[in-house]
Colleague: 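Structure below; questions to follow.
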Amino acid sequence: MTFDRHLAEIAREFPQWTIWRSDAGRWWATRHHPLSDAQRDAGGAMTIDADDPENLREQLRDQQRLAGEFERRAGPAPP
């Protein structure tokens, strides 16, 4: 699969992140919205990087799981 196709697929799968590949060949993702201190303390990352698109996807899925766990612990938002 081509670089552009990987980039497009990951961006579609994770629309809350900006995905890019650096000139050095590393794959990066940055969230569109800032995290709270509690989310960062729970392991949330604003920016992640990886050697290849597969590893970036894996890390993004880990971030999704962490976000889901945080939301469950925090409970429903106040009305």
Colleague: R61: what forms a side-chain contact (heavy atoms from CB on, under 4.5 Å) with it, not counting sequence neighbours?
Modeller: E13, F14, R57, Q64, R65

Colleague: T47: which residues meet the side chain to side chain donor-acceptor pair (under 3.5 Å) condition with it, sequence neighbours left out?
Modeller: T30

Colleague: Looking at Q59 and D49, would you say the former's side chain and the latter's main chain have a donor-acceptor pair under 3.5 Å?
Modeller: yes

Colleague: What is the minimum heavy-atom distance between L66 and G43, and which atoms define it?
Modeller: CD1-O, 3.4 Å

Colleague: On a heavy-atom basis, which atom in L35 and which in G44 lie closest, and how many Å separate them?
Modeller: CD1-C, 3.5 Å

Colleague: Working to the nearest 0.5 angstrom, can you tell me the gap between E9 CD and D4 CG?
Modeller: 11.5 Å

Colleague: For H32, enumerate each residue passing the side chain to side chain donor-acceptor pair (under 3.5 Å) test, keeping only those at least two apart in sequence or located in another chain.
Modeller: T18

Colleague: How long is the straight-line distance from CD1 of I19 back to NE2 of H6, given to the nearest 0.5 Å?
Modeller: 13.0 Å

Colleague: Applying side-chain contact (heavy atoms from CB on, under 4.5 Å), name anything that partners A45, two or more places apart in sequence or on another chain.
Modeller: I48, Q63

Colleague: So which atom in A50 and which in N55 form the shortest heavy-atom distance, rounded to 0.1 Å?
Modeller: CB-OD1, 3.2 Å

Colleague: Side chains of L7 and W27: closer than 4.5 Å at any heavy-atom pair?
Modeller: yes

Colleague: Please list, chain by chain and in numerical order, all residues satisfying salt bridge (Lys or Arg N to Asp or Glu O under 4.0 Å) with D51, sequence neighbours excluded.
Modeller: R26

Colleague: To the closest 0.5 Å, what do you measure between CG (D41) and OG (S36)?
Modeller: 8.0 Å

Colleague: Taking salt bridge (Lys or Arg N to Asp or Glu O under 4.0 Å) as the definition, give me every residue that meets it alongside D37, ordered by chain and number, with sequence neighbours left out.
Modeller: R40

